[in-house]
Every structure is written in structure tokens, then in C-alpha cells.
Student: 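One structure, pasted below without further comment.
Both backbone and side-chain heavy atoms feed into the values below; hydrogens, waters and symmetry mates do not. None of the values given here were measured: they were computed from a predicted structure. Atoms within a ligand are numbered from 1 in the order they appear, just like the ligands themselves.
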Amino acid sequence: MSIPTISLNASHSEVEDSLKTACKKTGFFFLTNHGLETDCKLMFELAKEFFDLNLDVKMELLNCPKSQNRGYTPLDGEKLNSNLEDCKEAFNILSPESDTEEYWPKTLEVHTDFRNNVQKFYKDLHKLALVVISHLENALSLPEGFLSNHHQSHGPSTLRFLKYPTQLVQKNGAGPHSDYGTITFLIQDMIGGLQVNVDNNWLDVVPVQDAILCNVGDLLAKWTEDAVNSTVHRVIIRANKPERYSIAFFIHPVDETVIGDVTAGDYLMMKLTNSHKTRLRNEHEVSA
Ligand SMILES: O=C(O)CCC(=O)C(=O)O
Ligand SMILES: [Fe+2]
């Protein structure tokens with residue numbers, strides 16, 4: 001089994017047939033001809049500049065204790081799976097409407113217009129998400145607006161820069177988990193390490209140049225009564241590989257959306273609280 005590629009240049013019916021199959025099988029697909037190829041390259045440069053900042057500068061952006069999903073997450077600061085610490089750093093960016101200056105590195109502003117570029121990328125990804133969501137409605141025979149009406153504003157969708165450092169022995173980069181929202185876009189470099197669990201086997205996701213990897217999240221699976229698969233995946237850092245960068249965009253419905261027995265906002269909060277053990281412990285230490 002491999003991850004299918006869907007080109008946005010294909011006809012609507014071809015895109016939607018392929019989407020239907022992909023979402024029902026692995027829950028993962030590569031999207032090509034999405035129009036953001038050049039922007040993705042720039043974002044990798046900006047992500048590298050961010051992670052190259054001194055640790056004390058990044059720690060000033062630690063999101064503690066105001067919210068749980070913005071600003072900087074240091075190495076080993078998160079457990080996507082409760083049994084394993086994740087060997088990665090992250091920088092989380094909320095929607096341009098709800099973000100505030102205190103979570104942005106001041107030093108980069110001068111050189112690269114970092115904040116403006118990243119926020120523009122956020123908005124472009126959100127537009128692309130609406131295109132994919134509209135195709136999904138057709139692919140899954142859902143009424144028009146069934147999903148897209150709940151994604152018209154940016155809501156809690158989150159953009160995330162990730163860096164997995166070089167290791168001498170194999171390590172856990174991101175523990176086995178499924179994503180929480182509607183869909184996730186993942187832009188990765190060519191190093192590899194992402195694996196998807198298919199029929200109890202770990203399948204390597206071989207990176208495709210310029211493609212955006214998309215996957216179904218838990219809320220979409222709930223929303224469609226499991227017509228699609230929110231598939232478990234993980235990142236392993238193989239020994240002596242160069243550092244790996246990825247950029248994830250987690251697309252979420254607005255908080256008030258009722259899906260099955262939960263609201264989207266409550267579901268997200270519950271999942272984030274469980275995955276930020278270390279940061280919550282730090283928060284406790286700070287407030288104690
Ligand atoms: O960095 C990656 O390749 C995947 C990260 C991921 O799955 C996540 O953060 O949810
Ligand atoms: Fe994930």
C-alpha cells in the first residue's frame with residue numbers, strides 16, 4: 001500500500017473520486033499543483049531562522065500559562081503519545097486575528113518581515129483548506145456547506161513549524177497519534193521519518209517534492225460517522241540523519257461546532273491538555 005497523489009489540476013470528478021478512496025483507505029494523500037510551492041520553500045527558510053535563534057530568545061515565547069497551543073515548545077516539551085517524549089521543537093502560530101505580538105520573535109522581524117510572511121502563508125493555507133473541504137463534501141456525498149460552513153473563519157486552525165534534531169541513535173520524534181481536527185496539511189523536507197500505521201504495520205511516507213501531504217483528523221472521522229479514517233502516524237528520527245523540518249497546518253472547525261457528543265472546542269482542548277504534559281507541569285511550577 002502506498003500514499004496516493006492527487007493533483008488539483010485534474011478534473012473535479014477525478015479529484016473527488018481519488019479523495020473518496022484515499023480518505024476511506026489510509027486517510028492520507030499527497031496534494032500536488034496546489035499553487036503554494038514557492039511559499040513552502042520560503043517558509044522552510046523562515047522556520048530554520050526561527051529555530052536557529054538562541055534558546056533563551058525562544059524560551060521567552062514559551063506559551064505559559066495563557067494558552068496551550070501558541071508560541072514555542074522546547075525539545076521534549078510534548079508527548080503526542082502518553083508513553084513517549086517527543087524529540088522535537090515547535091513554534092505554533094494561531095490565526096492572524098487572534099494572535100498577539102508577544103508570541104513573535106522580535107529579532108527576526110527586522111530581517112525578514114517574519115510575522116507578515118508567516119501570517120500570509122497561514123491565510124493561503126486556509127484558503128487551500130476550503131478548496132479541499134469543498135471537494136471532500138462532494139467526495140463523501142455530504143450536503144454543500146456541511147463542513148465548509150464551519151470553517152469560514154480561521155477558528156482555532158494552527159500553523160506549526162517543527163524541527164527534529166540529528167540524533168546518534170534512533171529516537172522518537174513524534175509518538176504514535178492521530179490528528180485532532182478536520183484535516184491536516186503537512187509540508188516536509190526530503191529527509192523522511194514519518195510513518196503511517198496501516199493494518200498494524202508502519203508504512204514509511206516517502207516525501208514527494210513540492211507536494212503537501214494531507215490527512216484526515218479525528219473530528220472529520222466523527223463527523224462522518226467513520227466514513228473516513230483518522231489514521232495513527234508517528235515520526236521516528238533515524239540515527240545520523242540530517243535535522244528534519246516540517247510545517248503542519250491543523251485545520252479545525254470553529255469551537256462551537258457540535259460533532260457527535262462534543263463541541264469541536266472541547267475536543268481540541270481535551271486533546272491538547274493531554275499532549276502538553278511537560279508544559280503543564282512547568283506551568284504548575286511557575287504558579288506554585
Ligand atoms: O512532522 C511530521 O512529519 C508529522 C508531525 C505530526 O504528525 C503532528 O505534529 O501531528
Ligand atoms: Fe500528526
Student: Tell me, do Val57 and Thr107 make a side-chain contact under 4.5 Å, heavy atoms counted?
Tutor: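 Answer yes - side chains close enough.
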
Student: Indicate yes or no: at least one non-hydrogen side-chain atom of Leu159 is less than 4.5 angstrom from one of Phe121.
Tutor: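 They are in contact (side-chain heavy atoms under 4.5 Å apart), so the answer is yes.
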
Student: Is the distance between the ring centroids of Phe44 and Phe161 under 6.0 Å?
Tutor: no

Student: At a heavy-atom distance under 4.0 Å, which protein residues reach ligand 1? Sort them by chain and number, would you?
Tutor: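 Near ligand 1, by chain and number: Leu162, Tyr164, His177, Asp179, Leu186, Leu194, His233, Val235, Arg244, Ser246, Phe250.
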
Student: For the Fe ion (ligand 2), what is the number of protein N, O or S atoms at a distance under 2.8 Å?
Tutor: 3

Student: Out of Val132, Ile6, Asn9, Leu31, which residue meets the side-chain contact (heavy atoms from CB on, under 4.5 Å) rule with Val15?
Tutor: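 Exactly one candidate clears the test, Ile6.
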
Student: Verify the ring-centre separation between His252 and Tyr180: is it less than 6.0 angstrom?
Tutor: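 Here the rings of His252 and Tyr180 have centres that are no less than 6.0 Å from each other.
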
Student: Got a sec, which residues hit side chain to side chain contact (heavy atoms under 4.5 Å, CB included) with Thr5, two or more places apart in sequence or on another chain?
Tutor: Phe30, Thr32

Student: Please tell me if the side chains of His151 and Leu130 come closer than 4.5 Å, counting only heavy atoms from C-beta onward.
Tutor: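 A side-chain contact under 4.5 Å exists here.
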
Student: Compute the centroid of each ring, for Tyr72 and then for Phe91, and state whether the two points are separated by less than 6.0 Å.
Tutor: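 No, too far apart.
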
Student: Any salt bridge (charged side-chain N to carboxylate O under 4.0 Å, His left out) involving residues 185-213? Give me the pairs, sequence neighbours left out, ordered by first then second residue.
Tutor: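 Residue pairs passing salt bridge (charged side-chain N to carboxylate O under 4.0 Å, His left out), neighbours aside: Lys41-Asp210, Asp204-Arg238.
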
